[in-house]
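Presented below is the structure to which this report refers.
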There are 2 protein chains.
Amino acid sequence: MAENRTRYAILGALTLEPMSGYDLKRFADESVAHFWAESYGQIYPILKQLVAEKLIAPTTRKRTGPRDRVAYAITDRGREVLRGWLSEPAEHQIGRIEILLKLFFARNAAPGDAIRIVEAFRGDYLAKLGRYEGTEVRLRAERGDRADLPYWLMTLSYGRQISSALVAWADETIAALRRLARESNSPS
Amino acid sequence: MAENRTRYAILGALTLEPMSGYDLKRFADESVAHFWAESYGQIYPILKQLVAEKLIAPTTRKRTGPRDRVAYAITDRGREVLRGWLSEPAEHQIGRIEILLKLFFARNAAPGDAIRIVEAFRGDYLAKLGRYEGTEVRLRAERGDRADLPYWLMTLSYGRQISSALVAWADETIAALRRLARESNSPS
DNA sequence: TAGAGCATGTAATAGGTTACATGATTAG
DNA sequence: CTAATCATGTAACCTATTACATGCTCTA
C-alpha cells in the first residue's frame with residue numbers, strides 16, 4: 001500500500017520554515033501545485049498525527065493576521081523520518097490517464113470527438129509550457145539565494161519536458177486522427 | 001468530482017466482445033495496463049450497477065473453464081452512454097508525482113540518495129520504452145485486422161514519447177545532481 | 001456594513017486497493 | 001496428490017476531495 005505521502009510533503013515543507021495548516025496549503029498551491037496537491041481535509045488531521053508522533057511541534061502562537069496562527073516546526077525526529085523516506089526509491093504509480101482511455105475506445109465515438117478532445121489536451125499543455133517558463137524566471141529572480149533552488153528547477157524541468165513531449169504527441173495524434181477520418185469518408 | 005471512470009472502461013471493453021468480470025480484469029492487465037488499472041473490488045460491484053441501469057446485460061452462461069462464466073454484453077443504452085462520455089473533454093488530473101516531491105526536498109537527503117533515486121527512475125522508464133516497442137510489433141502482427149488498432153497505437157505512442165522524455169530528463173537531472181555534489185565537496 | 005480574506009477544523013462521500021473466502025477443475 | 005488457474009465476490013481499509021461550519025478582522 002502506498003504509504004501516506006502527505007506526511008512527507010508536510011515534513012518537507014516544514015524544513016523551509018515553521019508553518020501553520022493554512023500556510024502549508026498556500027505553500028503547496030504556489031510551489032508544488034504542478035505535481036502535488038493538498039487539501040485542508042488532509043492537512044489538519046495529519047498535523048495532529050505528526051504532533052502526536054513528535055515529528056513536529058507547535059511553536060508559540062503568533063498573531064500575524066486576524067486570528068491566532070499556530071506554526072509547527074519540524075523536530076529532529078521529524079528530520080530523521082524525512083531523510084529515511086528520501087532515501088527510498090520513489091514508487092511509481094500506474095497512473096490512470098483519462099485521455100488515453102477515451103482514445104483507446106474512440107472507434108465508438110462520433111467522428112470529430114476524438115480530434116476535439118486531443119486538441120483541447122494540446123491547448124492545456126501548451127499553456128502549461130508557457131507557465132513553466134514564467135515560473136523559472138520568477139524563481140531565479142526571487143529565490144536565487146535559496147540552496148534548494150537547483151532542486152526546484154529540476155522539478156520544473158520535468159514539467160517542461162513532459163509538456164513539450166505531450167504537445168508533440170498531440171500534434172502527431174491529431175494528424176493521425178484526421179487521416180483516419182479522411183480514409184473512412186472516401187475509402188479508395 | 002471526477003465521475004467514476006471505471007464504468008466507462010468497462011463499457012468500452014464490452015464493445016469489443018462480451019466479457020465476464022474475470023475476463024475484464026485480464027483484458028485490462030494485458031491491453032491498457034500501461035495507463036489504466038482495474039481491480040476486482042471495483043469491477044464486480046460496478047458490473048451489478050451497470051446491469052441495474054440496463055447499460056449491460058448478462059448473456060447466457062458458458063462453461064469455458066472449470067466454472068460457469070457469465071459474460072456481459074453492452075446494450076444500446078450502454079453504447080449511448082459511452083458515446084456521451086467519449087464526447088466530453090478529458091479531465092486532466094493534477095497527478096501526484098512522488099519522485100518530484102522527493103527531489104523538491106532533496107536538500108535534506110544524504111548526498112548520494114537523490115542520484116540513486118533518479119537512476120532507478122531512469123532504469124524503469126528505459127525498460128518501459130523497450131516494452132512499448134515490443135508491444136507495437138506484437139499488436140500489429142496479432143491484431144492487424146482490428147479497426148481499433150490505430151487508436152491503440154496512439155496510446156502506445158503516448159507511452160513511448162513520455163518514456164523517452166523522462167529518460168532524457170533523468171539524464172539531465174543526474175548530471176545536475178553530480179555537479180551539485182562536486183561543488184559542495186570542493187567549494188572553489 | 002457587507003464582503004473578502006484569515007484560520008481551523010469536521011463530516012460525508014467517493015474512489016480505489018488488498019486481502020481474504022469459497023470452491024471447482026485441470027495439469028504436472 | 002498438489003498446485004495453479006478459473007471465477008466470483010466481499011469486507012476492511014486507506015487516501016483524498018468537497019462542502020460546510022465557525023468566527024474573527026480588515027477594507028471598500
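None of these values were measured; they are calculated from a predicted model.
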Could you give the [atom1]-to-[atom2] distance, from [X] to [N], as a whole number of Å?
| X | N | atom1 | atom2 | value |
| --- | --- | --- | --- | --- |
| I43(A) | dG9(C) | CD1 | P | 12 Å |
| Q42(A) | dC14(D) | CD | C1' | 10 Å |
| I46(A) | dT8(C) | CD1 | C1' | 16 Å |
| W36(B) | dG15(C) | CH2 | P | 11 Å |
| R5(A) | dT17(D) | CZ | P | 11 Å |
| L47(A) | dT8(C) | CG | P | 9 Å |
| R7(B) | dG15(C) | CZ | P | 10 Å |
| L101(A) | dG15(C) | CG | P | 15 Å |

Report, one line per pair, each donor and acceptor closer than 3.5 Å where one atom sits in a side chain of residues 169-178 of chain A; sequence neighbours left out.
{"unit_1": "W169(A)", "atom_1": "NE1", "unit_2": "T173(A)", "atom_2": "OG1", "d": "3.2"}
{"unit_1": "W169(A)", "atom_1": "NE1", "unit_2": "M154(B)", "atom_2": "O", "d": "3.1"}
{"unit_1": "D171(A)", "atom_1": "OD1", "unit_2": "R122(A)", "atom_2": "NE", "d": "2.5"}
{"unit_1": "D171(A)", "atom_1": "OD1", "unit_2": "R122(A)", "atom_2": "NH2", "d": "3.4"}
{"unit_1": "E172(A)", "atom_1": "OE1", "unit_2": "Q161(B)", "atom_2": "NE2", "d": "2.6"}
{"unit_1": "E172(A)", "atom_1": "OE2", "unit_2": "S157(B)", "atom_2": "OG", "d": "2.7"}
{"unit_1": "T173(A)", "atom_1": "OG1", "unit_2": "W169(A)", "atom_2": "O", "d": "2.8"}
{"unit_1": "R178(A)", "atom_1": "NH2", "unit_2": "E119(A)", "atom_2": "OE2", "d": "3.0"}

**Report entry** Closest-nucleotide 5' rank along DNA chain D - winner of G41(A) and P45(B)
**Finding:** P45(B)
Query raised in the report: Can you tell me if the side-chain N/O atoms of Y22(B) get under 4.0 Å from OP1 or OP2 in dT8(D)?
Result: no
Query raised in the report: Has Y40(A) got a side-chain N or O lying under 4.0 Å from the OP1 or OP2 atom of dG9(C)?
Result: no
Requested in this report: May I ask you to check whether R160(B) and T135(B) show a side-chain donor-acceptor distance below 3.5 Å?
Outcome: no
Nucleotide nearest [X] (side chain, heavy atoms from C-beta), chosen from [options]:
| X | options | answer |
| --- | --- | --- |
| Y44(B) | dG16(C), dG9(D), dG9(C) | dG9(D) |
| S39(A) | dT8(D), dT18(D), dT10(C) | dT18(D) |
| S20(A) | dG16(C), dT8(C), dT18(D) | dT8(C) |
| T6(B) | dC6(C), dG16(C), dG9(D) | dG16(C) |
| N4(A) | dC6(D), dT15(D), dC6(C) | dT15(D) |
| A37(B) | dT10(D), dT17(D), dT17(C) | dT17(C) |

Touch class at under 4.0 angstrom, heavy-atom based, for [X] against every strand present:
| X | result |
| --- | --- |
| G21(A) | sugar-phosphate |
| R26(A) | sugar-phosphate |
| K25(A) | nothing |

Requested in this report: Give the ring-plane orientation class for Y132(A) versus H34(A), where under 30° counts as parallel, over 60° as perpendicular and anything between as tilted.
Outcome: perpendicular
Query raised in the report: Between F104(B) and F27(A), what is the ring plane arrangement, given parallel below 30°, perpendicular above 60°, and tilted in between?
Result: perpendicular
Donor-acceptor list for residues 46-57 of chain B side chains, cut-off 3.5 Å, not counting sequence neighbours:
{"unit_1": "E53(B)", "atom_1": "OE1", "unit_2": "R7(B)", "atom_2": "NH2", "d": "3.1"}
{"unit_1": "E53(B)", "atom_1": "OE2", "unit_2": "R7(B)", "atom_2": "NH1", "d": "3.0"}

